Each structure stands twice: as structure tokens, then as C-alpha cells.
Amino acid sequence: MITTLATVLLIGDPGFGLALAASAALVVMLAITLIGNVPHNRRTEQFPQDGSVTEWRAIRDPWQRLHTTRVALDLLAFVALLAALLQYR
């Protein structure tokens, strides 16, 4: 929400592109969460405690890659928003 507000406030300002990039990164992160991580979370909840290690890795490894991507996008959004606000006049 703050990112969206900053983007709107920075229209016409040098930091607008960075604020827009921050907003886009957060939208992509949310999409990854809903399309990728949530289904994996559901599979994790249904995974039997005595399930095979191979099957567990088939769930865990893609989830970890998606989570790492989400964290990178969050960090990118934070840095881009910070840089945009530092350019604010």
C-alpha cells in the first residue's frame, strides 16, 4: 500500500520509475505466492509423515526456489522504493 502511494506521489518526479519498479516487483511476488507457493503449501499439509524423502524433495525444492525468488523480489522492491524516496523533491 505504501509502495502504491509512493508511486502515485512520485508521478513526474525522478524517482517515479523506481517506485513503479518497486510496485511491479511486489505484484510479481504476490502472483508467485498465489500461483506457486500456496499450492505447494497445500501439498505440504497433505503430505504423510511417513512419506518418502524423494516425494518430499519434489515438494520442498520447488517451494524453496519460489520462496527465494519472492525474497529477492521483496528486497528489490524495498531498495527501489528507498532509492525513489531518496530522490523525492
Side-chain angles (χ1 to χ4, degrees):
M1 183 144 196
I2 291 173
T3 306
T4 304
L5 177 62
T7 303
V8 170
L9 291 175
L10 291 172
I11 291 175
D13 196 271
F16 174 73
L18 289 169
L20 191 60
S23 293
L26 292 175
V27 167
V28 172
M29 182 277 305
L30 183 58
I32 288 172
T33 300
L34 296 174
I35 295 168
N37 285 94
V38 170
H40 280 82
N41 290 345
R42 289 189 184 121
R43 287 178 59 200
T44 298
E45 290 171 355
Q46 297 170 353
F47 191 77
Q49 289 184 354
D50 59 347
S52 77
V53 173
T54 305
E55 290 174 11
W56 173 244
R57 285 185 182 140
I59 296 171
R60 183 197 62 195
D61 292 350
W63 185 93
Q64 286 182 331
R65 284 190 296 275
L66 290 167
H67 180 66
T68 301
T69 303
R70 290 173 51 224
V71 170
L73 287 166
D74 285 338
L75 183 60
L76 173 70
F78 176 76
V79 171
L81 184 59
L82 183 62
L85 293 175
L86 289 173
Q87 293 182 15
Y88 186 69
R89 294 178 192 179

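The analysis underlying the following values was restricted to heavy atoms, covering all of them including side chains, and did not include hydrogens, waters or symmetry mates. Keep in mind the model is a prediction, meaning the values are calculated, not measured. FYI, the numbering just counts along the sequence from 1.
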Can you measure from CZ (R65) to OG1 (T69) and round to the nearest 0.5 angstrom? 9.0 Å

Minimal non-hydrogen separation, P62 against H40, with atom names: CB-NE2, 3.4 Å

Counting heavy atoms not belonging to F78, are there more than 12 under 6.0 Å from its CZ? no

Between CG on residue L66 and CG on residue N37, distance to nearest 0.5 Å: 5.0 Å

I want to check something: taking the side chain as every heavy atom from C-beta on, are D74 and L26 in contact at a cut-off of under 4.5 Å? yes

Taking all atoms of both residues into account, what is the closest heavy-atom pair of G15 and A84, and its distance? O-CB, 3.2 Å

Here the gap from H67 atom NE2 to R60 atom CZ, rounded to the nearest 0.5 Å, amounts to 13.5 Å

Looking only at heavy atoms, which two atoms of A25 and L73 are closest? And how far apart? CB-O, 3.7 Å

Atom pair CH2/CZ of W56 and R43 - distance to nearest 0.5 Å: 10.0 Å

Pairwise side-chain contact, F47 with I59, heavy-atom cut-off 4.5 Å (strictly under): yes

In Å and rounded to the nearest 0.5 Å, what is the CG to CZ distance from L75 to R70? 14.0 Å

